[in-house]
Amino acid sequence: MGRQHPDACGTGTTDDGCVAPEGAMSLRSVRVGRLSGIPIGIQPLWLVIVALITVSLGATYYPDQVPGLAPVAAYGLGLLSALLLFASILLHELGHAIVARRHGVEIEEIDLWLLGGVAKMSSYPKTASDELRFALAGPGVTLAIACIFGLVAVALPSSVPQAVTAVISYQLFVNVAILAFNLLPAFPLDGGRVGRALIWRHTNDLSRATTTAASIGRGFGYAMIGLGVFAALAGAFGGLWLALVGVFVIAAAKAEAEGLRVRTAFSGREARNLMTFPAVSVPATISVADAVQDYFVVHRFSAFPVLDGERLIGLIDRATVARVPEGQRPHISVDEVCHRDQSLVIEESQDVAALLERPVFQQVGRAMVIARDGQIGILSITDVNQVLKALELAGE
């Protein structure tokens with residue numbers, strides 16, 4: 001499935017490759033713009049960390065650094081510092097994304113979230129050298145940012161207001177801290193990804209490299225949880241944040257290993273061998289209410305291809321129906337609300353591993369399969385999971 005670069009505390013890389021249960025989904029981000037043609041999104045929980053950083057800096061750091069500073073000014077500087085921090089994180093992710101794009105990997109978007117940033121990529125690196133380049137690109141950007149703030153801090157004259165010096169000093173400190181933390185060999189952080197690339201290059205075995213790196217990553221994750229809990233019990237409640245990051249590292253490392261396992265299991269397997277066939281189709285002209293009563297209730301499937309006569313035009317599923325207010329369903333036709341993305345239409349020879357990496361398939365959870373005789377089948381995440389479980393039973 002789609003490759004991501006989630007950054008705990010701002011920087012790192014992770015392949016989110018596990019097959020999620022049908023209907024499972026992460027928090028949606030709100031698009032706020034583009035950088036270098038790449039969509040930028042913000043998840044709701046990002047506002048939580050911005051608020052926490054603002055309050056923390058406004059209540060302690062800036063009053064200590066600038067005696068006599070008014071509370072409003074202190075919290076204002078706290079907010080400015082939080083936004084500058086995430087601007088640095090965004091540039092870090094942009095470094096990952098631009099280097100990946102130059103090597104033929106499509107970039108879906110960059111999201112800011114609770115623990116930093118996420119550069120979402122549509123596929124895996126093809127070689128160990130590509131992996132190494134992707135992993136080092138972000139830290140390279142962060143190092144440059146830290147150097148810039150360091151040079152500014154050295155060049156500032158003594159006449160500069162204390163508030164300015166405090167802002168620059170904080171940005172220098174936090175970028176150095178992020179750089180150091182993410183270069184830890186805790187896969188899937190950047191340092192761990194560098195480690196996987198080096199193991200991959202040495203063994204020429206991506207599976208072995210991923211398994212080894214993921215095990216190391218989980219070890220670091222458990223260590224972070226232990227240190228965080230110990231610090232919290234000793235009165236340093238900020239240790240809970242380290243423990244939270246440890247939980248993330250463990251989960252992400254597990255997802256990395258699982259993702260590669262899924263990719264390996266389905267590489268070379270064609271859609272015709274997994275799809276539900278033939279699929280029951282819904283006429284485009286009927287109302288959403290009729291589709292519910294005559295198809296969803298009667299056939300008990302969770303999605304149906306939509307036909308305009310004999311022409312396939314899209315897909316309607318339960319999630320789409322649920323978004324239509326019940327009172328409006330008798331007055332809205334199926335063709336007005338169905339998914340029309342042509343990426344959801346595949347040939348029966350489509351490689352399933354490649355399909356799992358398509359962003360639209362990850363979002364919708366199914367695709368329509370055109371058979372040689374023109375009939376239509378459906379391949380869903382449920383089908384994939386069932387085959388995966390069968391392969392596990394067979395020891396494959």
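Worth saying up front: this structure is predicted, and the values here are computed from it rather than measured. We use all heavy atoms of the structure for the numbers below, so side chains are in, but hydrogens, waters and symmetry mates are not.
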K.L.:
Report yes or no: do Asp205 and Ser207 form a side-chain donor-acceptor pair below 3.5 Å?
P.N.:
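Short answer, no.
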K.L.:
Hey, mind stepping through Arg31 and Glu109 against salt bridge (Lys or Arg N to Asp or Glu O under 4.0 Å) and telling me if it holds?
P.N.:
CA-CA 9 Å; Arg31 292 281 176 85; Glu109 65 180 346; 2.8 Å; yes
K.L.:
Would you please test Arg329 and Glu326 for salt bridge (Lys or Arg N to Asp or Glu O under 4.0 Å) and show each step?
P.N.:
CA-CA 5 Å; Arg329 291 175 187 174; Glu326 190 170 353; 5.1 Å; no
K.L.:
Applying side chain to side chain contact (heavy atoms under 4.5 Å, CB included) between Leu307 and each of Ile376, Asp335, Thr285, Ile313, report the one that passes.
P.N.:
Ile376
K.L.:
I would like to know whether Trp113 and Phe248 meet ring-ring contact (aromatic ring centres under 6.0 Å, His included); could you show each step before the answer?
P.N.:
CA-CA 13 Å; Trp113 68 307; Phe248 157 77; 5.5 Å; yes
K.L.:
Have His92 and Asp190 got a donor and an acceptor in their side chains that come within less than 3.5 Å?
P.N.:
yes
K.L.:
Begin with the C-alpha distance, continue with both residues' side-chain angles, and end with the deciding distance and a verdict on side chain to side chain contact (heavy atoms under 4.5 Å, CB included) for Ile110 and Leu94.
P.N.:
CA-CA 8 Å; Ile110 294 175; Leu94 195 61; 4.0 Å; yes
K.L.:
His339 and Asp317: side chain to side chain contact (heavy atoms under 4.5 Å, CB included), yes or no, with the steps?
P.N.:
CA-CA 9 Å; His339 296 285; Asp317 57 13; 3.5 Å; yes
K.L.:
Step by step, would you call Leu84 with Val167 a side chain to side chain contact (heavy atoms under 4.5 Å, CB included)?
P.N.:
CA-CA 9 Å; Leu84 286 174; Val167 170; 4.0 Å; yes
K.L.:
Please report the C-alpha distance between Lys120 and Asp111 in whole Å, then the side-chain angles of each, then the deciding distance to 0.1 Å, and finally whether the salt bridge (Lys or Arg N to Asp or Glu O under 4.0 Å) criterion is met.
P.N.:
CA-CA 8 Å; Lys120 297 182 178 179; Asp111 280 355; 3.2 Å; yes
K.L.:
Do the side-chain N and O atoms of Thr165 and Gln162 include a donor-acceptor pair separated by under 3.5 angstrom?
P.N.:
no
K.L.:
Can you say whether the rings of Tyr170 and Tyr61 are parallel (under 30°), tilted (30 to 60°) or perpendicular (over 60°)?
P.N.:
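Answer is tilted, since the angle falls between 30° and 60°.
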